[in-house]
Amino acid sequence: MSGKSSNTTNVPEAREAMDRFKMEVANEIGVPLTNGNLTSAQNGSVGGYMVKKMIEAQERQMAGK
């Protein structure tokens with residue numbers, strides 16, 4: 001690996017909103033983001049659920065709902 005973090009935002013102006021979204025999702029699924037000692041499974045569950053919710057939102061937008 002190159003050592004470069006892949007934790008970037010394509011739209012820098014969205015960084016704050018994405019951080020809030022991450023906290024909201026973690027809270028919904030019961031993953032404590034406050035201590036920073038998460039397993040890879042916990043991190044993956046938060047990221048996976050975020051993607052699922054973003055896809056659902058995009059599908060609703062595309063369907064005109």
Side-chain angles (χ1 to χ4, degrees):
M1 292 189 86
S2 66
K4 181 182 175 192
S5 174
S6 63
N7 189 15
T8 60
T9 303
N10 290 330
V11 180
E13 300 83 4
R15 171 51 94 186
E16 189 176 319
M18 289 299 291
D19 287 342
R20 284 192 310 268
F21 182 49
K22 183 184 344 178
M23 294 300 289
E24 174 188 319
V25 166
N27 194 26
E28 281 182 30
I29 62 175
V31 174
L33 290 183
T34 55
N35 68 8
N37 296 323
L38 300 177
T39 66
S40 58
Q42 288 172 312
N43 281 321
S45 66
V46 172
Y49 197 68
M50 287 175 69
V51 170
K52 179 181 177 187
K53 288 185 73 150
M54 286 186 277
I55 290 171
E56 288 173 354
Q58 184 61 34
E59 287 175 344
R60 277 194 289 285
Q61 182 181 358
M62 292 169 66
K65 294 182 178 182

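Just so it is clear, the values below take in all heavy atoms, side chains as well, and ignore hydrogens, waters and symmetry mates.
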field: Gap separating the CG atom of Leu33 from the CG atom of Asp19, nearest 0.5 angstrom
entry: 10.0 Å

message: Once rounded to the nearest 0.5 Å, what's the spacing between atom CD of Gln42 and atom CG of Asn37?
response: 9.5 Å

task: Of all the heavy-atom pairs spanning Leu38 and Pro32, show the shortest one and how long it is.
output: CD2-O, 3.1 Å

task: Check whether any side-chain heavy atom of Met50 sits under 4.5 Å from a side-chain heavy atom of Lys53, and report yes or no.
output: no

field: Greater than 12 external heavy atoms within 6.0 Å of Glu16's CD
entry: no

